[in-house]
**Student:** 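For reference, the structure I am asking about is given below.
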Amino acid sequence: MSQIDRYRPDDRRAVEALYRRVFGNDAAEASRLRWEWQYRRNPNNAGQEPEIWIAREGRAIVGQYATMPVRLSVRGGEIQGSWGMDVMVAPERQRQGLGEQLFRMWDRNVGASLGLGLSDSSYRLFQKLRWPDVGPVPCLVKPLTRRALRRPNWPQPVNRLVSALTLPIVRIVARTRPMAAEVVTIQRFDESFTALWEELAPKFAFAVRRDAAYLNWKYVGAPHVRYSIAALRRDARNVGYAVYRHLHEPRGRVTLIVDFLADPADEAGLRALLHWVDREARQADSDKIRTFAMHGAFRRVFRKSGYFQVKSTMELVAKVNQVEVDRAFYEKPEEWHVTLGDSDQDR
Ligand SMILES: CC(C)(COP(=O)(O)OP(=O)(O)OC[C@H]1O[C@@H](n2cnc3c(N)ncnc32)[C@H](O)[C@@H]1OP(=O)(O)O)[C@@H](O)C(=O)NCCC(=O)NCCS
């Protein structure tokens, strides 16, 4: 019989070995690099053991559910939320109900249990357990060069033809425009961003609290990636930000807008941030810019700024326990603010 309880410091080696068996060597090595930061330095978990549940059989560890505690703003109030991240069961013990026990233990202990960007098996388990399925977080792409429309699964001549045919459209959406507000790069988030979050939080039906401590942990202190941060300023005040990075993919260079914040009613502000990122992406020689955005008002501004909505595989499930919400809450996530920066999606 297995028993589920909280992680203890001397579980670390056995958990690493199980991770290697379930996810492979490369993923295990990458996880080891992030581990201290991801689990111990999370400001929402200060001074406590990481929020990880372990399934034990005798002295053996046969499963874990590792999670990320966050403060979650739900319809103006703040509750304790938890992103479920690295869930795994030993291969020889899968499909015997252990995963379900781990999911339920986690859910019983948190104010909201949340999942983003799920594997096929965990998505099916969430469905089986009837977690509210919010759907994928929409993905938006802005092409900057004709290479942007290439597909790795198309043969070379098809890719060339598509590039040539779409060049006039790409030229129109990628043209540079003058900037409307002040945008500056910053190295850290100061406390004015906590004040900004407190002012904006009531405007979102659902969003992780983006205060200075969280933002610095997530985007300044991450050991595995380097981000650039742009602050939007008006009347000598910070009124928004964008976090982005450039990377190589098999078919070209991409700039990812990982996270951003502005007043959803401040169209000019978000546009100014997007113009800034356009220029940065061009300087980095990117073929396209990609982002994920749930909020309807933000998505409209992206579309007006030359982004196209494309198929997204970043599934979102969410179950709010600590406060009462009705079904309509999950069915209309138009005012939810969820981005690629949420959970541990940007690995
Ligand atoms: C996801 C995981 C933790 C589930 O644990 P588990 O102990 O197998 O789950 P349970 O036995 O409690 O539940 C089984 C249900 O999960 C889903 N499921 C689990 N494995 C599945 C698979 N390989 N394919 C499809 N569905 C699967 C199904 O809904 C299944 O129900 P069914 O057996 O009635 O069809 C486990 O499969 C695992 O470790 N997977 C590999 C790692 C992984 O993908 N982690 C998720 C990262 S987001």
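Remember, it's 1-based here, ligands and their atoms both numbered in the order they're listed. Every value quoted in this text rests on a predicted model; they were computed, and no experiment measured them.
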**Student:** Short list, please: which atoms of ligand 1 are under 4.0 Å from a heavy atom of R124?
**Tutor:** 17 (C), 25 (C), 26 (N), 29 (O)

**Student:** Under 3.5 Å between any N/O of F23 and any N/O of ligand 1: does that happen in this structure?
**Tutor:**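 Looking only at distances, the answer is no, because the N/O contact criterion of under 3.5 Å is not met.
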
**Student:** Give me the nearest non-hydrogen protein atom to atom 30 (C) of ligand 1 as residue plus atom name, then the distance to 0.1 Å.
**Tutor:** R95 NE, 3.7 Å

**Student:** Does Q96 approach ligand 1 within less than 4.0 angstrom via side chain, backbone, both or neither, non-hydrogen atoms only?
**Tutor:**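 Looking at Q96 and ligand 1, just backbone atoms fall under 4.0 Å.
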
**Student:** Can you check ring pair (Phe, Tyr, Trp, His ring centres under 6.0 Å) on H295 and F204, steps first, answer last?
**Tutor:** CA-CA 9 Å; H295 199 288; F204 302 109; 5.7 Å; yes

**Student:** Please state which protein non-hydrogen atom is closest to atom 4 (C) of ligand 1 and give its distance, to 0.1 Å?
**Tutor:** L125 CD2, 3.8 Å

**Student:** Within the structure, does at least one protein heavy atom fall under 4.0 Å of atom 19 (C) of ligand 1?
**Tutor:** yes

**Student:** Please report which non-hydrogen protein atom sits nearest to atom 40 (N) of ligand 1, along with the residue it belongs to and the distance in Å to one decimal place.
**Tutor:**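 Nearest protein contact, heavy atoms only, for atom 40 (N) of ligand 1 is S121 OG, 3.5 Å.
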
**Student:** Let me check something: do I289 and V141 share a hydrophobic cluster, defined by ILVMFWY side-chain heavy atoms less than 4.5 Å apart, either directly or through other members?
**Tutor:**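 Result: no, two separate clusters.
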
**Student:** At under 4.0 Å between heavy atoms, is it the side chain or the backbone of V22 that contacts ligand 1, or both, or neither?
**Tutor:**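 Side chain only; the backbone of V22 stays clear of ligand 1.
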
**Student:** Using the six-membered ring wherever Trp is involved, compare the ring planes of W336 and F329 and label them parallel, tilted or perpendicular (cut-offs 30° and 60°).
**Tutor:** tilted

**Student:** Look at atom 12 (O) of ligand 1 and say which protein heavy atom is nearest, naming residue and atom and giving the distance to 0.1 Å.
**Tutor:**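 The protein heavy atom lying closest is E100 N, 2.7 Å.
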
**Student:** Of all the heavy-atom pairs spanning T67 and M85, show the shortest one and how long it is.
**Tutor:** C-CE, 3.6 Å

**Student:** Measuring from R34:CZ to D86:CG, what's the distance to the nearest 0.5 Å?
**Tutor:** 6.5 Å

**Student:** In terms of residue, atom name and distance, what is the protein heavy atom nearest to atom 11 (O) of ligand 1?
**Tutor:** G97 N, 2.7 Å

**Student:** Of all the non-hydrogen atoms in the protein, which one sits nearest to atom 5 (O) of ligand 1, and at what distance?
**Tutor:**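 The closest one turns out to be G99 CA, 3.4 Å.
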
**Student:** Report yes or no: do T194 and D211 form a side-chain donor-acceptor pair below 3.5 Å?
**Tutor:** no

**Student:** Should Y227 and Y244 be marked as a ring pair (Phe, Tyr, Trp, His ring centres under 6.0 Å) after you check the CA-CA gap, both sets of side-chain angles, and the distance that decides it?
**Tutor:** CA-CA 6 Å; Y227 293 110; Y244 55 95; 9.2 Å; no

**Student:** Can you check whether L340 reaches V137 side chain to side chain, under 4.5 Å on heavy atoms?
**Tutor:** no

**Student:** Is there a polar contact between ligand 1 and D120, counting only N or O atoms under 3.5 Å apart?
**Tutor:** no

**Student:** What protein heavy atom sits nearest atom 46 (C) of ligand 1, and how far off is it?
**Tutor:** S119 OG, 3.3 Å

**Student:** What's the shortest distance from atom 39 (O) of ligand 1 to any protein heavy atom, and which residue and atom give it?
**Tutor:**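 Nearest protein contact, heavy atoms only, for atom 39 (O) of ligand 1 is V89 N, 2.9 Å.
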
**Student:** Can you confirm, on distance only, whether ligand 1 has an N/O atom lying under 3.5 Å from any N/O atom belonging to L118?
**Tutor:**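 Between L118 and ligand 1 (N or O atoms, distance only) the closest approach is not under 3.5 Å.
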
**Student:** Which one holds for K128 and ligand 1: side chain close, backbone close, both close, or neither close, with close meaning a heavy atom under 4.0 Å?
**Tutor:** side chain

**Student:** Check the orientation of Y39 and W35. Use parallel for under 30°, tilted for 30 to 60°, and perpendicular for over 60°.
**Tutor:**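 Y39 vs W35 ring planes: tilted.
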
**Student:** Taking side chain as C-beta onward, heavy atoms only, is R210 less than 4.5 Å from T339?
**Tutor:** yes

